[in-house]
2 protein chains.
Amino acid sequence: MRARSYHHGDLRTALITAGLRAARSGGAAALGMRELTRAVGVTPNAAYRHFADRNALVRAVAAEAQELVARAMHERITGINPDASPAQAAVDRLRAVGLGYIHFARTERGWFELAFLTQEAGPVAAPPPYQLLVDALDGLVATGVLTPERRASAEWPCWSTVHGFADLATRGPLRHQDPRVVDAAAARVVDTVIRGLGVPPALLLRTPADGGSENA
Amino acid sequence: MRARSYHHGDLRTALITAGLRAARSGGAAALGMRELTRAVGVTPNAAYRHFADRNALVRAVAAEAQELVARAMHERITGINPDASPAQAAVDRLRAVGLGYIHFARTERGWFELAFLTQEAGPVAAPPPYQLLVDALDGLVATGVLTPERRASAEWPCWSTVHGFADLATRGPLRHQDPRVVDAAAARVVDTVIRGLGVPPALLLRTPADGGSENA
DNA sequence: TTGCGGATGTGGACAGCGTACACCAAAGAT
DNA sequence: ATCTTTGGTGTACGCTGTCCACATCCGCAA
């Protein structure tokens with residue numbers, strides 16, 4: 001980005017970056033053509049050389065936000081106890097996926113709101129966070145925790161539950177609740193789905209006070 | 001509402017009614033001061049005699065939308081099989097609550113989007129749909145299906161799951177999926193949470209092809 | 001009955017938004 | 001060295017929410 005040329009040099013990515021910065025606190029509503037071009041120091045219409053309209057810009061920023069979600073979830077996955085049995089580790093990985101999703105939603109609600117827009121999972125172009133979920137569920141089958149029959153379409157209960165909780169915790173009734181209450185509810189909710197999938201309770205019942213981890 | 005008086009007569013409710021009509025297809029975005037006052041045949045500023053700002057109007061319409069959700073869910077509850085055992089009926093009632101919520105979201109997505117705004121459940125002013133869920137869960141305890149320990153805070157897993165699924169089905173990746181696929185997923189998802197709560201599988205495993213009911 | 005005050009609706013204005021159209025500046029190819 | 005393509009500017013239109021001053025009507029009190 002040369003200093004003060006007539007041409008900006010890399011306006012497209014500059015707008016996306018500014019968009020991420022703005023959306024972090026303001027959510028999707030903070031992504032205005034005028035607002036972002038102003039932040040980048042350029043005329044509003046300049047953006048139209050790189051994005052068809054506001055919606056296209058929002059989608060581009062949203063894709064970036066999805067990467068951030070996946071990165072946060074991945075970090076949490078790599079932090080789990082390596083000394084556990086394979087079966088336990090697989091369950092813990094799934095739990096990390098769920099709690100990572102929820103944690104991200106609560107700590108980065110602007111980005112989270114954005115990330116959920118224009119989700120097109122399914123056969124085409126699975127978004128990164130979705131892929132982590134698929135891998136975790138496959139891990140349960142590989143370690144014999146889940147039968148292939150039970151695993152089929154297990155993505156939907158899992159994603160539904162953690163996403164729903166994330167929405168309740170960011171835009172819904174849990175919005176202004178004591179964070180520790182929300183933490184506890186999150187752990188409860190994630191364990192409930194996992195049990196619902198058919199995972200033996202022995203693999204998920206933690207002792208009270210939890211196995212030493214900041215959760216949700 | 002006399003024909004063409006200077007004063008409208010009942011502008012407040014007229015605006016809410018127009019708002020419901022507009023939001024049904026357009027969601028919250030369709031609730032504009034100018035748009036609604038125009039629909040009612042009055043000046044934009046007239047609305048400010050009844051609502052502090054746009055947000056207040058939206059909240060008022062949202063409250064109405066919540067009533068609609070509750071009504072739809074209630075209808076579904078009253079339609080369940082009366083010949084079942086008390087325990088089975090209690091489980092069916094909980095399922096009806098969940099599937100009713102999802103069904104409403106999918107068939108009235110504009111109203112649903114609106115209904116979720118300004119949810120303030122918890123000790124204060126529980127919204128009608130939430131109350132139906134509480135009652136259903138209490139029913140499980142009363143019929144001995146659920147122990148009081150398991151019932152505690154069971155609202156969150158339930159609400160999270162059905163709400164999350166509703167969101168996936170209306171704004172998320174299931175948005176443009178074949179409705180029959182979504183129906184099946186909805187049934188699967190609801191059964192998964194219920195099982196996760198600790199309900200014996202015998203009370204929820206339906207035979208394939210389902211027990212003769214249009215679902216989700 | 002008159003008149004007055006509070007409630008309600010009008011009219012005009014302002015700032016901000018997304019975006020279409022015409023124009024201009026610079027980079028790259030011939 | 002000129003021509004074309006790419007990318008940025010300037011102006012303008014219609015839309016939005018909201019503020020201010022003013023007009024109008026209803027109900028109550030004198």
Side-chain angles (χ1 to χ4, degrees), chain A residues 1-65 110 113-114 117-118, chain B residues 1-65 110 113-114 117-118:
Chain A
M1 44 179 95
R2 58 271 282 174
R4 220 158 266 292
S5 169
Y6 187 94
H7 286 45
H8 177 279
D10 196 2
L11 184 52
R12 181 186 166 86
T13 66
L15 285 173
I16 292 179
T17 301
L20 272 177
R21 183 159 169 63
R24 184 168 194 175
S25 49
L31 301 181
M33 293 302 245
R34 292 185 124 99
E35 182 161 355
L36 293 186
T37 51
R38 201 182 304 133
V40 165
V42 97
T43 282
N45 284 333
Y48 287 88
R49 296 291 166 186
H50 304 272
F51 302 97
D53 54 6
R54 174 180 184 275
N55 222 303
L57 204 177
V58 171
R59 280 202 307 271
V61 182
E64 219 66 25
E113 177 204 337
L114 207 57
L117 299 178
T118 70
Chain B
M1 45 179 97
R2 56 272 283 175
R4 221 159 265 292
S5 171
Y6 187 93
H7 286 44
H8 177 278
D10 196 3
L11 183 54
R12 181 184 166 88
T13 66
L15 285 173
I16 293 179
T17 302
L20 273 177
R21 184 160 170 62
R24 184 168 195 175
S25 49
L31 300 181
M33 293 303 243
R34 292 187 123 98
E35 181 162 357
L36 293 185
T37 52
R38 200 183 303 133
V40 164
V42 95
T43 281
N45 285 331
Y48 287 88
R49 297 293 168 188
H50 303 273
F51 301 96
D53 55 5
R54 175 181 184 274
N55 222 303
L57 204 176
V58 171
R59 280 201 309 271
V61 181
E64 219 66 25
E113 176 203 339
L114 207 56
L117 299 179
T118 71

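Only this structure's heavy atoms are used, side chains among them; waters, hydrogens and symmetry mates stay out. In what follows, every chain begins at residue 1, and chains take the letters A, B, ... in the order their sequences are listed.
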Does [X] get its side chain close enough to the base of [N], under 3.5 Å, for a donor-acceptor pair?
X        : N       : answer
Arg34(A) : dT19(C) : yes
Asp10(B) : dT8(C)  : no
Asn45(A) : dG7(D)  : no

Taking any heavy-atom pair under 4.0 Å as a contact, classify Arg38(B): base, sugar-phosphate, or nothing.
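Sugar-phosphate contact only.
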Which part of the nucleic acid does Arg54(A) contact within heavy-atom distance under 4.0 Å: base, sugar-phosphate only, or nothing?
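The residue Arg54(A) makes sugar-phosphate contact but no base contact.
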Identify the residue among Leu31(A), Val61(A), Leu15(A) that makes a side-chain contact (heavy atoms from CB on, under 4.5 Å) with Leu20(A).
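With Leu20(A) as partner, Leu31(A), Val61(A), Leu15(A) yield a single side-chain contact (heavy atoms from CB on, under 4.5 Å), made by Val61(A).
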Look at the side chain of Asp53(B) and the backbone N and O of Ala56(B), then say whether any donor-acceptor pair between them is shorter than 3.5 Å.
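Indeed, once roles are kept as given, a pair shorter than 3.5 Å links the two residues.
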In this structure, how many angstroms lie between the [atom2] atom of [N] and the [atom1] atom of [X], rounded?
X        : N       : atom1 : atom2 : value
Leu57(B) : dT18(D) : CG    : C1'   : 14 Å
Met33(A) : dA12(D) : CE    : P     : 21 Å
Arg49(B) : dG17(D) : CZ    : C1'   : 16 Å
Leu36(A) : dC17(C) : CG    : C1'   : 13 Å
His8(B)  : dA7(C)  : NE2   : C1'   : 16 Å
Phe51(A) : dG7(D)  : CZ    : P     : 12 Å
Glu35(A) : dC17(C) : CD    : P     : 7 Å

On the nucleotide dG8(D), are OP1 or OP2 found under 4.0 Å from the side-chain N or O atoms that His50(A) carries?
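Checking His50(A) against dG8(D): at least one side-chain N or O falls below 4.0 Å of OP1 or OP2.
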Could you pick out which residue, Gly32(B) or Leu11(A), lies toward the 5' side of DNA chain D when each is mapped onto its nearest nucleotide?
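Taking each residue's closest nucleotide, the earlier one in sequence belongs to Leu11(A).
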Under a 4.5 Å cut-off applied to non-hydrogen side-chain atoms, are Tyr48(A) and Thr37(A) in contact?
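Of all side-chain heavy-atom pairs linking Thr37(A) with Tyr48(A), none is under 4.5 Å.
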Return the nearest nucleotide to the side chain of Tyr48(B); candidates are dG17(D), dT9(D), dT19(C).
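Nearest nucleotide to the side chain: dG17(D).
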Of the non-hydrogen atoms in Arg54(B) and Ala28(B), which two are nearest, and what is the gap between them?
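Smallest interatomic distance, heavy atoms only, reads NH2-O, 3.1 Å.
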Verify side-chain contact (heavy atoms from CB on, under 4.5 Å) between Val40(B) and His8(B), making sure each step is shown before the conclusion.
CA-CA 9 Å; Val40(B) 164; His8(B) 177 278; 3.7 Å; yes
